[in-house]
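Since the model is a prediction, treat every value here as computed from it, not as a measurement. The first residue in the sequence is number 1, and the count goes up from there.
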Amino acid sequence: MNLVDISFKAANWVVLAISLAIGLGFVAVMPARSKTTPRSNAEELGILFCLMTVASPLARQYYFMWLFFPITILMHRAAYDPRPAVRMGTWATLAIAGLLMCLSFPVFPKDLQAYGNNLAATAVIAGTLVWHMLHPPWECETKSLSPPQPKSDMQGNTS
């Protein structure tokens with residue numbers, strides 16, 4: 001929805017600045033390779049799905065189906081995080097994102113969609129994934145992604 005009347009050139013600069021800020025923000029929240037875990041990899045991919053969904057020049061309603069993966073990651077965090085307050089907060093943010101998405105139903109005015117209810121829901125989901133990536137549970141902080149050690153087929157085999 002157009003909120004301000006600016007020239008085409010100015011609009012392109014605004015889009016470029018926002019895209020650059022989002023891209024640099026994405027890179028900034030990525031953990032160092034030594035601190036990468038399977039958990040942070042899932043969160044990183046979920047954020048990438050959120051960015052792919054909203055970065056399209058013309059986002060259609062069905063594009064937001066891509067959010068099933070990030071939502072699933074957050075549901076897993078909400079169900080299995082060892083910190084009760086984090087579980088409750090994650091469920092609350094999922095509820096907020098769900099309510100924002102429900103504003104797309106035809107019973108609500110089209111203005112709510114025009115103001116970006118799905119964009120706001122995606123921002124809530126991505127923000128929660130960023131928070132989870134930056135605040136992992138204590139047992140995940142010490143684990144890194146190291147290649148699994150191969151198991152010998154010779155163990156217990158006397159021949």
Side-chain angles (χ1 to χ4, degrees), residues 1 3 14-151:
M1 172 181 256
L3 300 175
V14 168
V15 167
L16 181 65
I18 291 172
S19 298
L20 185 62
I22 290 172
L24 291 174
F26 179 70
V27 171
V29 300
M30 296 300 105
R33 183 69 184 148
S34 62
K35 294 185 179 190
T36 302
T37 65
R39 188 181 205 97
S40 69
N41 283 344
E43 291 155 352
E44 178 180 344
L45 190 57
I47 294 167
L48 186 60
F49 275 37
C50 290
L51 294 178
M52 289 183 338
T53 302
V54 298
S56 172
L58 185 59
R60 303 277 187 205
Q61 284 293 102
Y62 56 85
Y63 287 8
F64 293 92
M65 294 297 291
W66 282 95
L67 296 179
F68 276 126
F69 180 69
I71 289 170
T72 303
I73 294 168
L74 287 178
M75 290 176 81
H76 183 270
R77 302 299 179 262
Y80 295 109
D81 196 287
R83 302 164 291 184
V86 171
R87 286 195 310 265
M88 186 60 75
T90 305
W91 282 121
T93 55
L94 280 168
I96 290 167
L99 290 172
L100 285 167
M101 288 182 176
C102 285
L103 294 176
S104 296
F105 291 148
V107 296
F108 295 106
K110 293 246 185 234
D111 289 350
L112 293 174
Q113 293 178 40
Y115 283 117
N117 64 310
N118 285 331
L119 177 64
T122 305
V124 168
I125 292 168
T128 307
L129 286 167
V130 166
W131 188 91
H132 275 281
M133 186 182 296
L134 296 176
H135 301 92
W138 62 271
E139 72 267 6
C140 289
E141 291 176 348
T142 58
K143 292 181 186 176
S144 66
L145 262 185
S146 56
Q149 298 299 322
K151 293 184 181 178

J.: So, for Leu67 and Cys50, which heavy atoms are closest and what is the spacing to 0.1 Å?
T.: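 Residues Leu67 and Cys50, closest heavy atoms: CD2-SG, 3.8 Å.
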J.: If the condition is side chain to side chain contact (heavy atoms under 4.5 Å, CB included), which residues does Phe105 pass it with, not counting sequence neighbours?
T.: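 Phe105 satisfies side chain to side chain contact (heavy atoms under 4.5 Å, CB included) with Cys102, Val107, Phe108 once adjacent residues are dropped.
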J.: The test is side-chain contact (heavy atoms from CB on, under 4.5 Å); show your working for Arg39 and His132 and say whether it passes.
T.: CA-CA 9 Å; Arg39 188 181 205 97; His132 275 281; 5.9 Å; no
J.: What distance separates Trp66 CH2 from Leu51 CG, expressed to the nearest 0.5 Å?
T.: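 Atom-to-atom, Trp66:CH2 and Leu51:CG are 13.0 Å apart.
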J.: If every non-hydrogen atom of Ile47 is compared with every non-hydrogen atom of Ala126, which pair is closest and at what distance?
T.: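 Heavy atoms of Ile47 and Ala126 come nearest at CG1-O, 4.2 Å.
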J.: For Trp91, look at atom CH2 and say whether over 12 heavy atoms of other residues, nucleotides or ligands are found less than 6.0 Å away.
T.: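 Enclosed.
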J.: Quick check for you: to the nearest 0.5 Å, what is the distance between Ile71 atom CD1 and Ile125 atom CD1?
T.: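 One finds 4.0 Å between CD1 of Ile71 and CD1 of Ile125.
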J.: Over all heavy atoms of both residues, which pair between Thr122 and Phe64 is shortest? Give the atoms and the distance, please.
T.: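 It is OG1-CE2, 3.4 Å.
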J.: Can you give me the closest heavy-atom contact between Leu134 and Val29, atom names plus distance?
T.: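 That closest heavy-atom pairing would be CD2-O, 3.9 Å.
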J.: Before you tell me yes or no, could you show the steps for Leu74 and Leu129 under side-chain contact (heavy atoms from CB on, under 4.5 Å), namely the whole-Å CA-CA distance, both residues' side-chain angles and the distance that decides it to 0.1 Å?
T.: CA-CA 7 Å; Leu74 287 178; Leu129 286 167; 3.7 Å; yes
J.: Quick check: closest heavy atoms across Met133 and Ser40, and the distance to 0.1 Å?
T.: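 It is CE-O, 3.7 Å.
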J.: Does Thr53 use its side chain to pair, donor to acceptor, with the backbone of Phe49 at less than 3.5 Å?
T.: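 Flag set: sc Thr53 to bb Phe49 pair under 3.5 Å.
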J.: If you look at every heavy atom in Ala78 and Thr90, which pair is closest and at what distance?
T.: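 So the minimum-distance heavy-atom pair works out to CB-CG2, 3.7 Å.
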J.: Arg83: which residues meet the side chain to side chain contact (heavy atoms under 4.5 Å, CB included) condition with it, sequence neighbours left out?
T.: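 Residues passing side chain to side chain contact (heavy atoms under 4.5 Å, CB included) with Arg83: Asp81, Val86, Trp131, His135, Pro137.
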J.: So with a 6.0 Å cut-off around CE of Met30, is the heavy-atom count from everything else above 12?
T.: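 Above 12, so yes.
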J.: Check side chain to side chain contact (heavy atoms under 4.5 Å, CB included) between Asn117 and all other residues, then give those that pass, not counting sequence neighbours.
T.: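 If we apply the side chain to side chain contact (heavy atoms under 4.5 Å, CB included) test to Asn117, skipping adjacent residues, the hits are Leu103, Ser104, Gln113.
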J.: So Tyr80 and Arg87, do their side chains get closer than 4.5 Å, heavy atoms only?
T.: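 When only atoms from C-beta onward are counted, Tyr80 and Arg87 do not touch, as no gap falls below 4.5 Å.
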